[in-house]
Amino acid sequence: MVKNLLKPIAALVALVLLSACAAPSPKSTTPGTLPGYEGVQDGNFFIPQVNDNHLRDGVPRKQVGYAGDERPGSIVIDPYVRKLYYVLDDGQAMQYSIAVGRAGLGFKGSAVVRRKEEWPAWTPTANMVRTMPEMYAEYAGGLPGGLENPLGARALYLYRNGRDTYYRIHGTVDNKSIGRATSAGCIRLFNQDAIDLYNRTELGTVVRVRTRDESEQLEGKWMDDEYGFLIPYDEALIPVIEQRKLELEAREAAEAEAAAELEATRTSAQRDAELEGTQG
């Protein structure tokens with residue numbers, strides 16, 4: 001069952017996206033693992049540690065000074081620098097790095113957390129099933145929560161005027177996406193961060209998304225490099241990065257083609273071996 005889900009779930013990651021009062025869960029720590037990102041048993045699931053190469057400078061959660069005027073207990077999302085802030089007292093905030101998809105960039109203004117779920121299930125919308133049945137039809141009845149679910153270990157559901165916005169703040173099955181722009185989905189965090197935020201957040205929490213102007217005033221102006229990581233804005237680098245993107249895409253396409261040819265060769269050799277076995 002797990003093997004059969006791996007390929008569909010990889011596509012879902014690109015397209016979508018135990019109790020807070022329980023005693024701390026046992027953790028599995030590898031030497032050098034950043035505290036807070038160890039492997040941890042959470043109910044029926046073991047969340048793997050976050051590899052160090054995904055914990056680049058500025059990515060791990062940390063308490064920082066906060067310049068906004070939101071009340072303590074609020075959540076502020078800055079999709080342009082891929083940061084989420086849980087506002088604390090005394091001009092402080094807990095800062096988390098996030099991945100932001102098109103749905104995340106499309107959400108404006110404020111909403112309220114009206115629902116929280118541990119190991120949430122995921123169900124594609126009727127429109128997704130209708131327009132891409134080859135990808136979503138088998139999940140029309142919902143995908144149970146678990147390590148392969150694109151919503152990860154926790155989800156906060158945002159409502160506006162009493163109605164679901166279908167905007168989610170959630171965990172992820174794709175750690176390498178954190179801190180980067182993604183092709184789709186809402187707002188995702190490392191599962192360890194999603195649990196930390198879930199435990200701090202109460203129902204009724206106000207969530208506000210910054211505008212680009214607000215982001216640039218408070219965080220400065222940034223841009224993506226060819227790998228999708230943020231770097232300080234430099235107009236002169238734009239054509240350089242575009243060229244690097246083209247070269248990177250060409251290299252990745254060539255590597256994918258070579259891998260496909262190798263797999264085809266292996267499959268052909270396996271068929272020949274099986275044929276020889278039956279004839280023998």
Side-chain angles (χ1 to χ4, degrees), residues 2-3 5-18 24-64 79 81-86 94-101 104 118-120 122 143 145-155 168-200 222 224-231 244-245 248-249 251-252 255-256 259:
V2 170
K3 291 182 178 179
L5 282 174
L6 286 178
K7 291 184 178 179
I9 296 303
L12 291 178
V13 169
L15 296 173
V16 291
L17 320 160
L18 278 136
S25 302
K27 296 181 178 180
S28 173
T29 305
T30 298
T33 301
L34 197 67
Y37 294 95
E38 307 93 343
V40 58
Q41 187 71 38
D42 188 71
N44 295 325
F45 303 103
F46 182 79
I47 301 171
Q49 73 177 56
V50 179
N51 293 334
D52 290 346
N53 62 315
H54 299 317
L55 295 169
R56 301 168 297 276
D57 290 344
V59 171
R61 69 177 178 269
K62 59 184 176 182
Q63 187 168 324
V64 297
V81 294
R82 293 158 210 159
K83 300 294 184 187
L84 181 150
Y85 297 95
Y86 181 86
M94 188 61 66
Q95 175 186 281
Y96 306 83
S97 285
I98 57 177
V100 184
E118 301 178 5
W119 295 104
W122 177 80
L143 182 66
L147 291 170
E148 294 174 342
N149 188 300
L151 292 184
R154 300 289 190 274
R168 315 285 187 242
I169 300 170
H170 58 85
T172 187
V173 295
D174 187 21
N175 284 341
K176 70 179 181 297
S177 70
I178 301 302
R180 305 172 69 179
T182 59
S183 61
C186 291
I187 299 297
R188 68 180 81 149
L189 307 91
F190 293 121
N191 279 326
Q192 287 85 342
D193 285 350
I195 292 173
D196 185 87
L197 179 64
Y198 178 99
N199 290 346
R200 296 174 187 273
W222 297 78
D224 289 339
D225 67 9
E226 63 271 28
Y227 297 101
F229 296 118
L230 287 169
I231 59 174
R244 289 174 181 171
K245 283 182 180 178
L248 181 62
E249 289 170 0
R251 185 164 66 249
E252 290 176 342
E255 291 172 353

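Reckoned from all heavy atoms, side chains included, excluding hydrogens, waters and symmetry mates. On a predicted model such as this, the values are computed, not experimentally measured, just so you know.
- Atoms CG and CD1, on Leu84 and Ile169 in that order, are 5.5 Å from each other to the nearest 0.5 Å.
- Judged purely by distance below 3.5 Å, without hydrogens or angles, the side chains of Asn51 and Tyr37 never pair a donor atom with an acceptor atom.
- Here the side chains of Lys245 and Tyr227 are not in contact, with every heavy-atom distance at 4.5 Å or above.
- Considering only heavy atoms from C-beta on, Gln192 stays 4.5 Å or farther from Leu34 through its side chain.
- Contact record, Arg168 with Cys186: O-CB, 3.1 Å, taken as the closest heavy-atom pair.
- With hydrogens and angles ignored, the 3.5 Å screen pairs no side-chain donor or acceptor of Asn191 with any backbone N or O of Gly152.
- Distance check, rounded to the nearest 0.5 Å: CZ of Phe190 to CD1 of Ile47 gives 13.0 Å.
- Trp122 CH2 to Leu151 CG: the interatomic distance, rounded to the nearest 0.5 Å, is 8.0 Å.
- With values rounded to the nearest 0.5 angstrom, Arg180 atom CZ is found 9.5 Å from His54 atom NE2.
- The shortest side-chain heavy-atom distance between Ser97 and Asp193 does not fall under the 4.5 Å cut-off.
- Using a 3.5 Å distance cut-off with no hydrogens or angles, the side chains of Asp196 and Tyr96 do pair a donor with an acceptor.
- Heavy atoms only, all atoms of each residue included: Ala194 and Leu189 are closest at N-CB, 4.1 Å.
- Taking CZ of Phe45 as the start and CG of Asn149 as the end, the distance is 9.0 Å to the nearest 0.5 Å.
- Contact between Leu147 and Pro48 at its shortest, heavy atoms only, is CD2-CD, 4.5 Å.
- Contact detail for Thr172 and Ser177: the closest heavy-atom pair is OG1-OG, 4.2 Å.
- For the atom pair CG of Leu197 and CD1 of Ile98, the computed distance is 10.5 Å after rounding to the nearest 0.5 Å.
- When side chains are defined from C-beta on, Asp174 counts as touching Arg188, because their heavy atoms get closer than 4.5 Å.
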* Derivation of the salt bridge (charged side-chain N to carboxylate O under 4.0 Å, His left out) call for Arg82 and Asp224 -> CA-CA 11 Å; Arg82 293 158 210 159; Asp224 289 339; 2.6 Å; yes

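- Between Glu226 and Leu248, the closest heavy-atom pair is O-CD2, 3.7 Å.
- The nearest pair of heavy atoms linking Tyr86 to Arg200 is OH-O, 3.0 Å.
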* Asked: Should Leu230 and Lys83 be marked as a side chain to side chain contact (heavy atoms under 4.5 Å, CB included) after you check the CA-CA gap, both sets of side-chain angles, and the distance that decides it?
  -> CA-CA 11 Å; Leu230 287 169; Lys83 300 294 184 187; over 6 Å; no

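- Here the side chains of Met94 and Tyr85 are not in contact, with every heavy-atom distance at 4.5 Å or above.
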